[in-house]
Enquirer: 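Below you'll find the structure I mean.
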Amino acid sequence: MKAQVGTGRTNQKQRTRTAIVAAARELITTGADVTMPAIARAALVSEATAYRYFPDLPSLISEALAGAWPPPAEAFAPLGDCPDPVRRVAFACEFLLRGVLARQGAVRAMIAATVTRPDTAHARPGIRFGLIEHALLPLEGTLGATDPAALAQLKRDLALVVSAEALFTLTDLCRLGPDEAIASAVRTATTLTEAAVRAAG
């Protein structure tokens with residue numbers, strides 16, 4: 001009997017956790033602000049219950065977003081075997097920023113939470129880094145071989161531009177529309193890449 005009660009409680013806890021994650025995913029897809037109170041309401045649990053399962057908002061968002069982004073190789077499928085690093089970087093930048101726009105409530109919440117609590121930054125998925133690495137694969141045998149420090153610097157430079165932070169700077173502070181903001185970021189990213197390719201040549 002005790003074993004059955006224990007199993008029942010375990011199952012109930014799993015159902016509650018699943019409901020909280022599902023509610024977070026649903027809220028993320030709407031583009032609305034993502035907060036713990038809003039997620040708890042959607043999951044039909046108290047905010048205190050939500051915090052018992054997830055210690056903070058970043059950890060919940062991280063789990064809710066798991067699997068939402070395809071791996072870089074899959075994301076780059078539309079480019080086929082394109083060897084042009086400039087074109088690949090442009091693709092990576094637009095792919096990331098359009099994905100951010102589609103999930104911006106969650107992305108903004110994640111940035112806000114981890115800025116005030118840097119110790120939680122590990123919960124951020126870091127999608128940009130995988131995309132940048134994949135975009136620059138054609139340079140591994142050229143710039144990466146002759147000047148690995150320059151390639152590493154290019155990756156850091158692109159991490160500033162191929163980012164949600166750059167997108168929100170352009171939309172919120174520069175007052176650009178989404179498409180204009182993405183075009184501006186893509187232009188900057190490709191300019192950086194072109195300069196590195198010229199230096200390598």
Side-chain angles (χ1 to χ4, degrees), residues 28-29 31 34 58 61-62 64-115 118 120-144 147-201:
I28 287 168
T29 62
V34 178
I61 292 175
S62 181
L65 286 176
W69 294 86
E74 185 178 323
F76 274 77
L79 283 184
D81 295 325
C82 174
D84 182 359
V86 176
R87 187 179 167 199
R88 291 170 68 89
V89 164
F91 178 87
C93 188
E94 180 159 1
F95 178 86
L96 179 82
L97 299 189
R98 293 208 178 277
V100 167
L101 282 174
R103 309 169 177 88
Q104 67 173 302
V107 177
R108 287 178 183 274
M110 182 75 85
I111 291 173
T114 55
V115 164
T120 64
H122 65 275
R124 294 179 62 172
I127 303 300
R128 77 186 82 175
F129 299 107
L131 291 171
I132 290 169
E133 284 282 345
H134 203 79
L136 296 180
L137 282 177
L139 292 182
E140 291 293 343
T142 54
L143 183 61
D147 194 348
L151 180 57
Q153 183 60 55
L154 175 59
K155 291 176 182 179
R156 290 192 292 270
D157 293 343
L158 289 174
L160 292 174
V161 180
V162 184
S163 69
E165 295 90 339
L167 176 65
F168 296 147
T169 295
L170 292 167
T171 57
D172 301 355
L173 301 180
C174 298
R175 303 296 183 185
L176 296 184
D179 289 339
E180 290 177 292
I182 290 173
S184 180
V186 168
R187 186 162 52 250
T188 304
T190 55
T191 298
L192 288 169
T193 309
E194 286 168 350
V197 170
R198 281 198 302 274

Enquirer: Is there a side-chain contact between L131 and F76 in this structure, where contact means two heavy atoms from C-beta onward sitting under 4.5 Å apart?
Expert: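 In short, these two side chains touch, coming nearer than 4.5 Å.
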Enquirer: So, taking the atom named CZ in F95 and the one named CD1 in I127, what distance separates them when rounded to the nearest 0.5 Å?
Expert: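 Separation between the atoms: 8.5 Å.
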Enquirer: For a quick test of reading the model, state the closest non-hydrogen atom pair linking A185 to V161 and the distance between them.
Expert: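 Closest approach of A185 to V161, heavy atoms only: O-CG1, 3.3 Å.
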Enquirer: Let me confirm one number: the CG-CD distance from L97 to Q104, rounded to the nearest 0.5 Å.
Expert: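 Rounded to the nearest 0.5 Å, the CG-CD separation comes out at 11.5 Å.
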Enquirer: For a 4.5 angstrom cut-off between non-hydrogen side-chain atoms, does V107 reach F168?
Expert: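 Heavy-atom side-chain distance check passes, below 4.5 Å.
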Enquirer: Quick one: SG on C93 to CZ on R128, what's the gap to the nearest 0.5 Å?
Expert: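 Rounded to the nearest 0.5 Å, the SG-CZ separation comes out at 11.0 Å.
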Enquirer: Say whether, by atom type as modelled, one donor and one acceptor occur between the side chain of T169 and the main chain of E165 under 3.5 angstrom.
Expert: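 Yes, the answer is positive, given that a donor and an acceptor are paired below the 3.5 Å cut-off.
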Enquirer: State, yes or no, whether a side-chain contact exists between L143 and V197 at a heavy-atom distance under 4.5 Å.
Expert: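 Heavy-atom side-chain distance check fails, nothing below 4.5 Å.
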Enquirer: Mind listing the closest non-hydrogen atom pair of P138 and P85 along with its distance?
Expert: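 In this case the closest contact between P138 and P85 is CB-CD, 4.4 Å.
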Enquirer: Do NZ/NE/NH1/NH2 and the carboxylate oxygens of E140 and K155 come within less than 4.0 Å?
Expert: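 So E140 pairs with K155 through a salt bridge.
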Enquirer: For residues R88 and L136, determine if any side-chain heavy atom of one lies less than 4.5 Å from a side-chain heavy atom of the other.
Expert: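 A side-chain contact is absent here, since even the closest heavy-atom pair is not under 4.5 Å.
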Enquirer: Nearest heavy-atom pair of G144 and L151: which atoms, and what distance?
Expert: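 Residues G144 and L151, closest heavy atoms: CA-CD2, 3.6 Å.
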Enquirer: With rounding to the nearest 0.5 Å, note down the distance linking CD1 in I132 to CG in L137.
Expert: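 Going from CD1 on I132 over to CG on L137, the span is 12.5 Å.
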Enquirer: Report the residue from L101, L96, V100 that forms a side chain to side chain contact (heavy atoms under 4.5 Å, CB included) with I182.
Expert: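 Among L101, L96, V100, the one that satisfies the side chain to side chain contact (heavy atoms under 4.5 Å, CB included) with I182 is L101.
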Enquirer: Quick check: closest heavy atoms across L170 and A181, and the distance to 0.1 Å?
Expert: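 Smallest interatomic distance, heavy atoms only, reads CD1-O, 3.3 Å.
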Enquirer: So, for L160 and S163, which heavy atoms are closest and what is the spacing to 0.1 Å?
Expert: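 So the two residues come closest at O-OG, 2.9 Å.
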Enquirer: Atom OG1 of T193 and atom CG of L154: how far apart are they, to the nearest 0.5 Å?
Expert: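 Answer for the OG1-CG pair, T193 versus L154, is 5.0 Å.
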Enquirer: So, taking the atom named NE2 in H134 and the one named CG in L79, what distance separates them when rounded to the nearest 0.5 Å?
Expert: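 Here the interatomic distance stands at 9.0 Å.
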Enquirer: Do E180 and R187 pass the salt bridge (Lys or Arg N to Asp or Glu O under 4.0 Å) test, and can you show the C-alpha distance, the side-chain angles, and the key distance before you say yes or no?
Expert: CA-CA 10 Å; E180 290 177 292; R187 186 162 52 250; over 6 Å; no
Enquirer: State, to 0.1 Å, how close V34 and G105 come at their nearest heavy-atom pair, and which atoms those are.
Expert: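 Minimum heavy-atom contact is CG2-C, 3.6 Å.
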Enquirer: Run the side-chain contact (heavy atoms from CB on, under 4.5 Å) check on V89 and L158 step by step: do they pass?
Expert: CA-CA 9 Å; V89 164; L158 289 174; 4.0 Å; yes
Enquirer: With a 4.5 Å cut-off on side-chain heavy atoms, are R103 and W69 touching?
Expert: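 Of all side-chain heavy-atom pairs linking R103 with W69, at least one is under 4.5 Å.
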Enquirer: For a side-chain contact (heavy atoms from CB on, under 4.5 Å) check, start with the C-alpha distance between D172 and R108, then their side-chain angles and the critical distance, and finish with the verdict.
Expert: CA-CA 12 Å; D172 301 355; R108 287 178 183 274; 2.8 Å; yes
